[in-house]
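First the proteins, then the strands, lettered A, B, ... as listed; each starts at 1. Computation of the quantities below employed the complete heavy-atom set of this structure, encompassing side-chain atoms and omitting hydrogens, waters and symmetry-equivalent molecules.
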Amino acid sequence: MDVASDLFGVHGAALELRSQRLAMLASNIANAATPNYKARDIDFDKALDLATSKGQGVGKALAGATGYRVPLESSLDGNTVELNTEQTIFAENAMKYRTTLSFLQGRISTVMQALKGE
Amino acid sequence: MTKPMSVFDISGRAMSAQLMRLNTTASNLANAGSISGSADTAFRALKPVFRTVTDRPGVATVQVDRVVTSTAQPTRRHEPDHPLADRNGDVWEAGVDSAQEMVEMIETARQYQNNVQVLQTAKTLTLDTLKLGQ
C-alpha cells in the first residue's frame with residue numbers, strides 16, 4: 001500500500017471515481033440530442049469495491065463497473081438519455097464528491113495536527 | 001498522445017453544437033414566410049446532424065457532423081397578383097414548420113442551459129479540490 005492510500009483510506013479512490021463519474025454524466029447530458037446515443041454510467045458501489053477491497057486500480061474498477069442506462073421510456077431516435085434522470089444523478093454525484101472532499105479535509109487536518117503536536 | 005477529455009471539453013463542445021443548432025433554427029424562422037417563384041429556389045429548412053465523439057468508454061462529447069436541408073416540400077399557393085408568380089400564377093412558400101422550429105428553439109435553449117450548469121458545477125468542484133488541505 002502506498003502512502004496516499006494509507007493516509008486517505010477509501011476516500012482517495014472514491015474521489016477519483018466520483019470525478020470519472022462526473023465526466024460520464026456530463027457526456028450523457030452533452031449527448032441529450034444525439035440520435036442513437038446510449039447513456040452510460042458506473043455502478044459506484046461496485047466500482048469502489050473493486051478499487052479498494054478487490055485491490056484493482058481505479059481504471060480497471062471503472063471498466064468493470066460501467067454499464068448502459070436502461071431508459072424508462074424508449075425514444076424513436078434510439079437515444080437513451082433522459083435528462084431528468086441524468087440531472088438528478090449528476091446533482092447527487094456532485095454532492096457526494098463534496099462529501100468525500102470534506103472527509104479528506106478532515107483527514108488532512110487531523111494528520112497536520114498530529115504533525116505539529118499542538 | 002492527446003490529453004484525456006475533461007468535463008470542460010465535453011460541455012464546451014456540446015454548447016458549440018447547441019449554438020449551431022440555434023443558428024439553423026434562427027435561419028429557418030427568419031425565412032419562414034419567404035416567397036419564391038419556383039419550387040427549386042424556395043427556401044427549405046436547415047437541420048444540423050449531431051454526432052457523438054467518443055474519447056474513452058463512457059466519456060463522449062457531441063459535434064455537428066453536417067447541416068442538411070430538410071425534405072419538407074415548399075407549399076404552392078395560387079397568387080396571380082404576386083410579383084414573383086410564375087406563368088400559372090403560383091408562388092412557393094418556404095418549407096418551414098414554424099411551430100416545430102419554436103419547439104426546437106426552446107429545446108435547444110434548455111439543453112444549452114443544462115451544459116452551462118454542468119460546467120459551473122465542475123468548475124466549483126475543481127476549485128474546491130484545489131483548496132484541499134488549506
Side-chain angles (χ1 to χ4, degrees), chain A residues 7-8 11-12 15-16 18-42 47 59 62-69 77 79 81 83-84 86-87 90-109 111-112, chain B residues 4-22 25 47-65 103-104 106-134:
Chain A
L7 196 59
F8 298 135
H11 303 305
L15 193 74
E16 208 171 327
R18 285 274 173 227
S19 141
Q20 292 296 328
R21 194 177 184 205
L22 190 87
M24 248 180 220
L25 296 171
S27 306
N28 292 346
I29 294 175
N31 281 287
T34 320
N36 281 319
Y37 177 82
K38 307 293 177 212
R40 303 181 80 167
D41 195 6
I42 59 168
L62 208 62
T66 306
Y68 288 99
R69 172 113 51 237
D77 64 357
N79 185 307
V81 179
L83 268 177
N84 46 354
E86 298 301 332
Q87 278 179 307
F90 185 85
E92 188 190 347
N93 190 62
M95 190 199 72
K96 288 184 173 168
Y97 184 98
R98 274 228 170 81
T99 315
T100 304
L101 268 187
S102 56
F103 282 139
L104 283 170
Q105 184 70 58
R107 192 66 71 95
I108 290 170
S109 41
V111 172
M112 287 309 260
Chain B
M5 206 179 266
S6 73
V7 178
F8 300 97
D9 297 321
I10 297 168
S11 299
R13 286 175 69 174
M15 278 158 70
S16 313
Q18 295 292 351
L19 209 58
M20 181 84 183
R21 188 176 167 201
L22 194 65
T25 310
K47 297 276 169 220
V49 179
F50 280 13
R51 189 169 61 86
T52 308
V53 183
T54 309
D55 180 55
R56 51 186 191 278
V59 177
T61 185
V62 63
Q63 75 171 37
V64 177
D65 198 34
V103 172
E104 186 101 4
I106 292 168
E107 197 185 330
T108 309
R110 288 278 154 80
Q111 288 180 3
Y112 189 92
Q113 281 170 355
N114 284 336
N115 282 303
V116 173
Q117 203 69 48
V118 167
L119 213 60
Q120 207 145 31
T121 310
K123 189 191 80 178
T124 342
L125 288 180
T126 312
L127 288 175
D128 284 352
T129 314
L130 277 172
K131 281 192 218 116
L132 198 63
Q134 279 175 17

- Task: Give, as side chain, backbone, both or neither, the part of B:Arg56 having an atom under 4.5 angstrom from any heavy atom of chain A.
- Result: side chain
- Note on the structure: The interface call for A:Gln87 against chain B, heavy-atom contacts under 4.5 Å, is side chain
So how far is it from [X] [atom1] to [Y] [atom2], rounded to the nearest 0.5 Å?
| X | Y | atom1 | atom2 | result |
| --- | --- | --- | --- | --- |
| B:Thr54 | A:Tyr37 | OG1 | OH | 7.5 Å |
| A:Thr100 | B:Leu132 | OG1 | CG | 11.0 Å |
| A:Asn36 | B:Arg51 | CG | CZ | 13.5 Å |
| A:Arg98 | B:Asp128 | CZ | CG | 5.0 Å |
| B:Glu107 | A:Leu83 | CD | CG | 8.5 Å |
| A:Gln105 | B:Lys131 | CD | NZ | 10.5 Å |

- Query: Can you tell me if CZ on B:Phe8 sees more than 12 non-hydrogen neighbours from other groups inside 6.0 Å?
  - Reply: yes
Contact winner vs chain A - [options], heavy-atom pairs under 4.5 Å:
| options | value |
| --- | --- |
| B:Thr52, B:Asp9, B:Thr126 | B:Thr52 |
| B:Asn114, B:Val49, B:Asp55, B:Leu125 | B:Leu125 |
| B:Thr108, B:Asn115, B:Val118 | B:Val118 |

- Picking from A:Thr66, A:Leu15, A:Leu22, A:Ile42, which has the most non-hydrogen pairs under 4.5 angstrom with chain B? A:Leu22
- Note on the structure: Highest number of heavy-atom pairs under 4.5 Å with chain B among A:Leu25, A:Thr34, A:Ile108, A:Leu62 belongs to A:Thr34
Heavy-atom pair with the smallest gap, counting every atom of [X] and [Y]:
| X | Y | value |
| --- | --- | --- |
| A:Ala26 | B:Val7 | CB-CG1, 3.9 Å |
| B:Gly58 | A:Met24 | O-CG, 3.1 Å |
| B:Ile10 | A:Ala23 | CD1-O, 3.6 Å |
| B:Val62 | A:Ala30 | CG1-O, 3.4 Å |

